[in-house]
Asks: 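Just dropping this structure here.
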Amino acid sequence: MSSMTFGRYSFRNTFVHRLDARNKIFLMLLFMVGIFFQFNMWSTALIMSGVYILILLAIMLISRVSLWSLIKSLGGLWLLVIFLMIIYIFVPTNNPKLGVAFTIGTLQVHWDAFCQAGYIIMRLILMISLTMILTSTTKPMDMTYAFEWYMTPLKPIHFPVHEIAMTLSIALRFIPTLLDETERIMKAQASRGVDFNHGGIFKRFGAIIALIIPLFVSALERSEELANAMIVRGYDPKAKRTRYRLLRFSWRDIIAFLFIGGIFAGIIVLFVFDRQSPVDIVEFFFHVKGF
Amino acid sequence: MGIQVKNIFFTYQKKATNATQALADVSLEIKDNDFLAIVGETGSGKSTLAQMFNALLVPDKGDVLVNDYVINYKNRKSRKLRGLRQRVGLVFQFPEYQLFEETVEKDVAFGVKNFGVKAEEAIERAHVALKQVGLDESYFKRAPFDLSGGEKRKVAIAGILAINPDILVFDEPTAGFDPQSSKDLMNLITELHNNGKTIIIITHDMDLVNTYTKRVVMLERGQVTFDGTPNELFAYIKGYDRLDTPSVIKVAEKLKEKGMGININEIHNNNDLVEAIKKWRNKA
Amino acid sequence: MRDIITTMSKLEIKNLSFSYDGSNNVIDDISFSVEKGTFVSVLGHNGSGKSTLAKLIVGLLEKESGQIFFNDVEIDDKNLRDLQTKTSLIFQNPDNQFVGSTVEDDIAFGLENRCFPHDQMQAEIEHFADSVNMLDHLKKEPINLSGGQKQRVALAGALILRPEILILDEATSMLDPKGKSTVRRVIDRIHKENKELTIISITHDIDEALLSDKVLILSKGKLVKEGKPQDILRDESALLEVKLDMPFVYKLEKELKEIGVNSNAENIDQLVEDIWASK
């Protein structure tokens, strides 16, 4: 549970926290798309990577999301890193620019492979970080509202947009309650001699049954009572309703939009240049030979 | 033997910023065949303490000794501690939510079997326990989910009784019960006590404390602030509203204030009060 | 014992019956009426049908036979929704009726359903949060609230819809003493401040029932007694029959009578005076 702390919403009154959830989701996706543009020139890619990391760090600084907790929660990625390395090493590189690192039999492994693997891993980490910043600065409830807003075009084709959003928000509301309940039932069954930590598969299965059934029964009971409480307060999923919490687009959103939008535009321009006439920007600006 | 709690400390979510110290230097001795109530506000640490008695929780510091078992941080992972749960039965608040088997008898036998008793004997013990809580043969084969709330709770309590522990801990046993069901349940608990069991009741209900228990321990903010008889407790908590003084004690206190020679320590129920008033009138 | 039905009556139940399985009546031919602005306690043991009665009145369950009149209009399928907008129900379990993610969202839930204009919501929410002493906790999530606080939020969420009848289904039975007393104090104040609001409290706390205007006693789905608490809560044998205790004050009075102390007090202070005077 403690490794989950990053990415869980925590209330802070920062610029990023106060952005409209819809805008935040859109800008995050925009930035992610930007990050995934592939540049031919190594130097461009390298410099852009540096820029991305700086922007990410700036967002983290503004939103007061701690870098340390991010690094800790990325710890679980090492398996993916090794996996990617292996793939890149064994897939031969097209026109390598860098020297040979080592050879296995007839296979020549160039330094390019490592660079490419590093490049893709860096971009993955950037994307994961962005998602985590989004979830830790946006109330889960606002996310469901944003989801509902984006899905509105599907309403005419009878896609149950509102129902899904309401279900999501209630699920979010009841997660802590059900976690408490799980702990309570586990302790109650442990008092009846159930051992959740030891024993063979058969015993463990029995232990899980003793947990799942009561949990399920109580969740059903809760859902029935909740449904009653909602009906009594006049809830009708088909009816029109007003909303207490409105998502608002403010000057902050315009600033954020211009900032990320500007970066995205810059990426596009660079990308077009890069495709048409591969210019090494290091060479272009500083008149030195790149890689 | 009983239970000895020696200077225990316990904190929830130790690493989190909102770490809360639930128990701070608690020491307590509970003798065999004690009938004890642990009272205190919500969040005072009383439920935490109760979970130490059968090692569901383990103190960060200090020891809890139950019979031959030592519960402390060092041996927190010891598998031996599971055997302790056969000696100390813990009935949680609203225990009706722990039922899951297809029949009542199977559910009651479940705990017994977990401690290595053969299926046949477990069922036999389940039948005895069910009769003890007042559920006859007609209930044995019924599905627990078809029973009423009160009956379900009886089944859950039978599930602990069938394990046959020496020490029984009840967390708010009568919560949500009507007066008659509460009385029936408390009479059952008293009977268990008379048959030699050690009884520990965790409760807010001061009437219950006054009527049934011999000794009461109060926890406040994780510390034992009172240990004595129920009547001494009512004198101690007089004037603050966190715990309700039983009505009969309130009347006795008011009469005493007016100048009636009455010994509050002797008042446990209406009968005692009526007797005291009778004596006072005869004297006057 | 039955009250004469007056034209003033707001809620009137006639020969109401209900069963879950079609044969065993959980509510069995119940008739009574409740005057506008009164505080009524419905007493009964576990399983007496009290909660089912509450659900029938607010239309969560459909009656099998009998009639329900509200302001002399019979409730049928067509105007059931009108009745529902005028009744509110507070349930026993504080957790299972908290819909919103925070206190303010939960209080707003009913308003949203009624299409209440957004720009007036904030003021309305603050007013009702204040009336249950929860104004300082508007941003809190349910996991950080006590049971008593959650029930007070539920009260605010119900009252904000300005019901004419408020039903409390054992609303304090799962709370600790502190939670119980804070919720009861709020309910007392609501009753005093809203002369038009009818409150029906389903409970098995007989000492609480002593303070109400009228008491209904249910046993096995039948209405066995109805009247002023001072009249019917002194009948010990009748109460024992339905597994209920006498209120503490009455019980002590009855026991004192045997040693020659006579008192008809309604509360502890009065009783103490009477005992003292018997010297």
Side-chain angles (χ1 to χ4, degrees), chain A residues 1-12 64-66 68-69 72-73 136 174 176-200 202-225, chain B residues 12-18 47-48 50-51 53-57 76-79 81-102 107-117 122 143-145 149 152 156 158-163 165 168-169 171:
Chain A
M1 282 294 289
S2 58
S3 64
M4 288 281 287
T5 44
F6 193 79
R8 229 173 45 195
Y9 176 74
S10 61
F11 176 74
R12 284 204 175 81
R64 307 225 316 264
V65 169
S66 107
W68 177 236
S69 63
K72 262 200 298 190
S73 57
S136 58
F174 272 91
T177 312
L178 289 177
L179 283 177
D180 272 3
E181 182 100 338
T182 308
E183 194 189 332
R184 226 173 55 100
I185 295 171
M186 279 178 87
K187 280 180 172 171
Q189 303 300 31
S191 300
R192 293 210 275 168
V194 175
D195 192 341
F196 287 96
N197 301 318
H198 306 101
F202 193 70
K203 269 207 153 164
R204 292 242 181 154
F205 182 73
I208 297 289
I209 293 288
L211 170 64
I212 293 288
I213 293 181
L215 193 61
F216 197 70
V217 169
S218 112
L220 274 179
E221 219 164 273
R222 277 181 199 284
S223 65
E224 196 188 324
E225 275 184 39
Chain B
Y12 283 102
Q13 294 180 303
K14 288 164 206 58
K15 283 174 195 152
T17 45
N18 59 344
S47 292
T48 309
Q51 291 174 37
F53 297 152
N54 74 346
L56 285 175
L57 293 175
R76 66 189 182 283
K77 294 214 168 113
S78 163
R79 292 182 71 164
L81 287 181
R82 210 169 65 91
L84 168 68
R85 293 180 190 149
Q86 211 171 342
R87 307 267 52 92
V88 182
L90 178 52
V91 180
F92 275 83
Q93 190 172 5
F94 302 111
E96 49 273 32
Y97 289 109
Q98 70 195 39
L99 308 180
F100 73 101
E101 289 276 16
E102 310 115 85
D107 207 292
V108 175
F110 172 72
V112 188
K113 280 195 289 188
N114 280 331
F115 289 110
V117 176
F145 300 113
K152 276 187 210 166
I160 297 290
L161 293 184
I163 297 168
L168 281 156
V169 186
D171 193 350

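We name chains A, B, ... by the order of the sequence lines, and we start the count at 1 in each one. Here the structure is a predicted model, which means the values were calculated and not measured.
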Asks: State the CD1-OG distance between I160(B) and S191(A), to the nearest 0.5 angstrom.
Replies: 6.0 Å
Asks: Determine the option with the most heavy-atom pairs under 4.5 angstrom with chain A, choosing from E101(B), Q93(B), R85(B).
Replies: R85(B)
Asks: At a heavy-atom separation under 4.5 Å, does L215(A) approach chain B through its side chain, its backbone, both, or neither?
Replies: neither
Asks: Just by distance, do the side chain of Q189(A) and the backbone of Q98(B) share a donor-acceptor pair under 3.5 Å?
Replies: yes
Asks: Would R192(A) and D107(B) pass as an ion pair if we require N to O under 4.0 Å?
Replies: yes
Asks: CG of L57(B) to NZ of K187(A): how many Å apart, nearest 0.5 Å?
Replies: 4.0 Å
Asks: Side chain, backbone, both or neither: which part of Q51(B) has a non-hydrogen atom closer than 4.5 Å to chain A?
Replies: side chain
Asks: Count the heavy atoms belonging to other residues, nucleotides or ligands that lie under 6.0 Å from CZ of R204(A), then report whether that count exceeds 12.
Replies: yes
Asks: Taking side chain as everything from C-beta outward and backbone as N, CA, C, O, which of these in I163(B) sits under 4.5 Å from a heavy atom of chain A? Side chain, backbone, both or neither.
Replies: side chain
Asks: Roughly how far apart are I185(A) CD1 and F92(B) CZ, rounded to 0.5 Å?
Replies: 11.0 Å
Asks: Kindly compute the distance separating CG (N114(B)) from NZ (K203(A)), expressed to the nearest 0.5 Å.
Replies: 7.0 Å
Asks: Has F145(B) got more than 12 heavy atoms of other residues, nucleotides or ligands less than 6.0 Å from its CZ?
Replies: yes
Asks: Give a yes-or-no answer on whether the side chains of E221(A) and Y97(B) include a donor-acceptor pair shorter than 3.5 Å.
Replies: yes
Asks: Please walk me through it: do V194(A) and F110(B) pass side-chain contact (heavy atoms from CB on, under 4.5 Å)?
Replies: CA-CA 9 Å; V194(A) 175; F110(B) 172 72; 3.3 Å; yes
